[in-house]
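Chain A is the first sequence line, chain B the second, and so forth, proteins listed ahead of strands; every chain is numbered from 1.
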Amino acid sequence: MDFFEQMEARIPHGEVRTRFAPSPTGYMHVGNLRTALYTWLIARRHHGKFILRIEDTDQGRLVEGAVDVIYKTMAECGLTHDEGPDVGGPVGPYVQSERRDLFGKYAKLLCEKGGAYYCFCQKSDEEESGGETGEIKKHVCACRDLPLEEAKKRVEAGEPFVIRQRIPHEGTTTFHDASFGDITVENKELEDQVLLKSDGLPTYNFANVVDDHLMGITHVVRGSEYLSSAPKYNLLYEAFGWEIPTYVHCSPVMRDAQHKMSKRHGDPSYEDLIREGYLTEAVLNYVALLGWSPKGENAEREFYTLSELAEIFDISGISKSPAVFDINKLRWMNAEYMKKLSPEAFFAKAEPVLKTVITNPAIDLRAVAALVQTRCEILSDLPERVDFIDKLPEYSTELYVHKKSKTTLENSLSSLQAVLPVLEGLETWTNESLYDALVALAAKLEVKNSVVLWPLRVAVSGKASTPGGATELCALLGKEESIARVKAGIALLQK
RNA sequence: GGCCCGUUGGUCAAAAGGUUAAGACACCGCCCUUUCACGGCGGUAAUAUGGGUUCGAUUCCCGUACGGGUCACCA
C-alpha cells in the first residue's frame with residue numbers, strides 16, 4: 001500500500017462529516033459563529049461528526065493565544081467537536097501547518113494525473129495588471145504544454161517552480177450547491193490557479209480540497225465569497241477522482257444593506273456581545289435565525305435551544321440573500337432570555353454587575369436583581385438602572401411634576417411632608433406594609449394614590465425611571481435611608 | 001469591466017401558480033398600573049421595475065435597475 005492508499009484508507013465513510021475551519025484571529029466574527037453553528041447543526045442533525053480544523057497557514061497573521069480563543073468560544077457555545085487538534089481523531093493532524101508535507105505530494109500526484117502542471121514563470125513576469133483598461137489578465141504560459149518528463153527534470157535541477165491547476169479551455173463546469181442550486185460557468189472564465197506556491201506551501205484553495213477529502217468531509221459549509229471558486233474545486237476533485245462533497249454556501253451577515261459586518265468598522269464580534277452583556281444562548285438563537293428559517297409548523301416559532309435546532313435544522317431553510325444584523329432584535333431576544341432565567345440563574349449573572357455600582361452591604365442584592373430582571377435587556381443596562389441605590393443623585397425638582405399623576409411642586413411638597421411621619425411611625429418595613437400605609441394616607445388626604453406615591457418615588461431615587469415603584473424602592477433602601485431621602489426632598493422643594 | 005449570485009414592509013422573514021401576502025423586532029395608539037418597564041389589545045407598513053408564459057403570477061422565463069461576491073504564489 002503506497003502513501004496515497006494509506007491516506008485513503010483512513011477516511012471514514014458512511015457518516016455525515018462536517019468541519020469548521022477557522023483561522024486563529026483571536027476573536028469570533030458573528031458571521032463565522034453562524035457558519036460554525038450551521039456546520040455543527042448539520043452534523044448533529046444527521047448524527048454525524050463535527051470536526052474542528054485550525055487553518056493557520058497564514059503565518060503573517062498569527063495571533064498569540066488565538067487558538068485557545070477558538071476552543072473557549074466553541075465550548076461556551078456548546079458547539080462541541082468530535083475531532084480536532086485537542087481531542088484527536090482518525091484523520092489528523094487537525095492543524096493545517098502540521099499537514100504541510102501532504103500538499104506537495106498531492107500536487108505532484110495531480111501533475112501525474114494531468115490535472116496540474118509545473119510552471120516555471122517568475123512571479124515578476126506577470127506582476128503587471130491590466131492597467132486602465134480594467135482588463136483582467138489571466139495567466140497563460142507555455143509551461144502548461146511542457147512535457148511532464150521535461151518539467152520534472154527542470155524541477156530536479158533545482159529550478160524554482162509552482163504547480164498550477166490545468167483547467168480545460170473549452171466547455172463548461174457545473175457545480176451544485178445545496179441552497180443555490182446548479183451553477184454553470186464557462187471554463188474559459190477560470191484561471192489556471194496556483195496550487196502549490198514556490199515556497200512549497202499550498203494555496204488556501206488547494207489545501208482546502210485536499211484536507212476536506214482526506215478528512216472525509218461530506219458537507220462543506222462556507223461563506224458565499226467562495227461561490228465563484230467552487231467550479232475550480234469541482235475540477236480539482238474530478239481530476240483526483242474524488243467524490244465531490246455537498247456544498248452549502250451561506251450569504252454574509254451584513255451591517256447594513258451594503259456592508260458586511262466587520263470588526264474593522266466597529267461591529268461587534270461574539271466576544272464583544274458577551275462583554276456587553278448578551279447571553280450566549282440568546283446570541284446563538286438570534287444568529288441561527290439570521291439567514292435561516294424553520295419550515296412548516298415551526299415557521300412562526302422563534303425560540304429554540306441548541307438541541308431543538310439540532311433536531312429540526314434543514315439546509316433548505318438557508319436563505320440565499322444577505323441578512324442585516326439587527327442589534328435591536330437581539331436586544332429584545334436577549335431580554336426574553338433574561339426573563340426566562342430562574343431568579344437564581346439571573347442573580348448569578350447579575351450579581352457581579354450589580355456589585356460594581358452597589359457597594360452598600362445593607363442592600364439586598366437578590367431583591368435588587370428580582371426587581372430588575374424584567375426591566376433590562378442586556379446585563380450592561382444594569383448599572384445605570386440601579387446606581388441611585390448607593391447614592392442619591394442630584395436631580396431637578398421638575399421630576400416632581402407629572403401630569404398623569406396630577407402632581408405639582410406644591411402638592412409634592414405637602415405629600416412628602418405628610419409621608420414623613422407615616423414612615424417614621426411604621427413598625428414593619430416591607431413593601432406590603434409601606435404600600436398599605438401610604439394608600440391609607442392618600443385616602444385620608446382624599447387624593448389619588450399617585451399624588452402620594454409619585455413624589456415619594458422621586459425623592460427616594462432622584463430618577464424619572466426606576467426599576468420599581470415607590471414602596472418597592474423604600475423597602476430596598478431601608479427605613480433610615482428612605483427617611484433621609486424624603487427629608488432631602490422636602491428641603492429641595494422648600495428652596 | 002467580465003463572470004457569478006441576490007432583490008417580499010425600516011429589519012429578520014413565511015407563503016415552493018389561486019392566501020384578505022403570515023409571524024417577529026422596531027414604530028404608533030389604547031388598556032392595565034405605585035414611575036419606567038412587563039403584560040394585554042389594536043394599528044401603520046412589502047412582493048424593485050418592464051415585458052412575457054398562464055384562466056390566474058410573490059412564485060416560472062427574459063430584459064432593466066439596484067445591491068453583493070469574485071477575478072493573487074491572501075486566506
Identify, between A/Asp182 and A/Ser198, the residue whose nearest nucleotide on RNA chain B lies closer to the 5' end.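 It is A/Asp182, whose closest nucleotide lies nearer the 5' terminus.
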
Nearest nucleotide by nearest heavy atom, which residue falls closer to the 5' end of RNA chain B, A/Glu377 or A/Thr203?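 Mapping each residue to its closest nucleotide by heavy atoms, the 5'-most match is A/Glu377.
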
Using the [atom1] atom as the point on both nucleotides, what is the distance between [M] and [N], in whole Å?
{"N": "B/G68", "M": "B/G51", "atom1": "C1'", "value": "26 Å"}
{"N": "B/A13", "M": "B/C30", "atom1": "P", "value": "33 Å"}
{"N": "B/A46", "M": "B/U19", "atom1": "C1'", "value": "15 Å"}
{"N": "B/C4", "M": "B/U8", "atom1": "C1'", "value": "23 Å"}
{"N": "B/A15", "M": "B/C55", "atom1": "P", "value": "27 Å"}
{"N": "B/U58", "M": "B/U49", "atom1": "P", "value": "11 Å"}
{"N": "B/G9", "M": "B/G63", "atom1": "P", "value": "23 Å"}
{"N": "B/G18", "M": "B/C60", "atom1": "C1'", "value": "15 Å"}

Taking atom types as they are modelled, is there a donor-acceptor pair under 3.5 Å from the base of [N] to the side chain of [X]?
{"X": "A/Ser465", "N": "B/U35", "value": "no"}
{"X": "A/Lys404", "N": "B/U33", "value": "yes"}
{"X": "A/Arg375", "N": "B/C36", "value": "yes"}

Base, sugar-phosphate, or nothing: which does [X] touch, judged by heavy atoms less than 4.0 Å apart?
{"X": "A/Thr374", "result": "sugar-phosphate"}
{"X": "A/Gly291", "result": "sugar-phosphate"}
{"X": "A/Val162", "result": "base"}
{"X": "A/Ala470", "result": "base"}
{"X": "A/Tyr435", "result": "base"}
{"X": "A/Lys339", "result": "sugar-phosphate"}
{"X": "A/Tyr226", "result": "base"}
{"X": "A/Thr466", "result": "base"}

Counting only heavy atoms from other residues, nucleotides and ligands, does the tally under 6.0 Å from [atom1] of [X] exceed 12?
{"X": "A/Lys340", "atom1": "NZ", "value": "yes"}
{"X": "A/Lys479", "atom1": "NZ", "value": "yes"}
{"X": "A/Arg144", "atom1": "CZ", "value": "yes"}
{"X": "A/Lys263", "atom1": "NZ", "value": "yes"}
{"X": "A/Lys448", "atom1": "NZ", "value": "yes"}

Ignoring the backbone of [X], work out which of [options] is nearest its side chain.
{"X": "A/Leu227", "options": "B/C25, B/C5, B/A72", "answer": "B/C5"}
{"X": "A/Glu225", "options": "B/A13, B/G69, B/C5", "answer": "B/G69"}
{"X": "A/Val324", "options": "B/A24, B/C12, B/G6", "answer": "B/C12"}
{"X": "A/Phe180", "options": "B/C5, B/G68, B/G39", "answer": "B/C5"}
{"X": "A/Lys295", "options": "B/A15, B/C4, B/A26", "answer": "B/A15"}
{"X": "A/Ser293", "options": "B/C74, B/A14, B/A26", "answer": "B/A14"}
{"X": "A/Glu300", "options": "B/A75, B/G23, B/G68", "answer": "B/G23"}
{"X": "A/Glu472", "options": "B/C4, B/G6, B/U35", "answer": "B/U35"}
{"X": "A/Ser321", "options": "B/C36, B/U7, B/G67", "answer": "B/U7"}

Atom [atom1] of [X] and atom [atom2] of [N]: how far apart are they, to the nearest Å?
{"X": "A/Leu190", "N": "B/G69", "atom1": "CG", "atom2": "P", "value": "20 Å"}
{"X": "A/His176", "N": "B/C4", "atom1": "NE2", "atom2": "C1'", "value": "16 Å"}
{"X": "A/Leu399", "N": "B/C36", "atom1": "CG", "atom2": "P", "value": "13 Å"}
{"X": "A/Glu302", "N": "B/C12", "atom1": "CD", "atom2": "P", "value": "13 Å"}
{"X": "A/Trp454", "N": "B/A37", "atom1": "CH2", "atom2": "P", "value": "11 Å"}
{"X": "A/Phe120", "N": "B/C73", "atom1": "CZ", "atom2": "P", "value": "17 Å"}
{"X": "A/Ile318", "N": "B/A14", "atom1": "CD1", "atom2": "P", "value": "12 Å"}
{"X": "A/Glu384", "N": "B/C36", "atom1": "CD", "atom2": "P", "value": "16 Å"}

Using side chain to side chain contact (heavy atoms under 4.5 Å, CB included) as the criterion, list what pairs up with A/Ala459, not counting sequence neighbours.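 A/Ala459 satisfies side chain to side chain contact (heavy atoms under 4.5 Å, CB included) with A/Tyr395, A/Tyr400, A/Leu416 only.
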
Dot-bracket line, read 5' to 3' along RNA chain B, where crossing pairs take [ ] and | marks a partner on another strand, Watson-Crick or G-U under 3.5 Å: (((((((..(((.....[....))).(((((.......)))))....(((((..]....))))))))))))....

Give me the atom names and distance for the closest heavy-atom approach of A/Phe346 to A/Cys376.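 Closest approach of A/Phe346 to A/Cys376: CZ-SG, 4.3 Å.
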
Please find the pair of heavy atoms, one from A/Val30 and one from A/Pro268, that lie closest to each other, and give the distance.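 In this case the closest contact between A/Val30 and A/Pro268 is CG2-O, 3.5 Å.
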
Looking at A/Phe120, I'd like to know if the NZ or CZ of A/Arg154 sits under 6.0 Å from its six-membered ring centre while staying within 45 degrees of the ring's axis.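 Checked: cation-pi criterion met.
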
Distance flag, aromatic centroids of A/Tyr226 and A/Tyr204, threshold under 6.0 Å: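 Aromatic pair counts; centres sit under 6.0 Å.
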
Just checking, any donor-acceptor pair under 3.5 angstrom between side chains of A/Thr466 and A/Arg457?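 Yes, A/Arg457 and A/Thr466 have a side-chain donor paired with an acceptor closer than 3.5 Å.
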
Within the structure, does a side-chain N or O atom of A/Arg164 lie under 4.0 Å from either OP1 or OP2 of B/C73?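 Answer yes for this pair, as a side-chain N or O of A/Arg164 is under 4.0 Å from OP1 or OP2.
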
Compare side-chain N and O positions of A/Lys197 against OP1 and OP2 of B/C74 and report whether any pair is under 4.0 Å apart.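 So the side chain of A/Lys197 is within the cut-off, an N or O lying under 4.0 Å from OP1 or OP2 of B/C74.
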
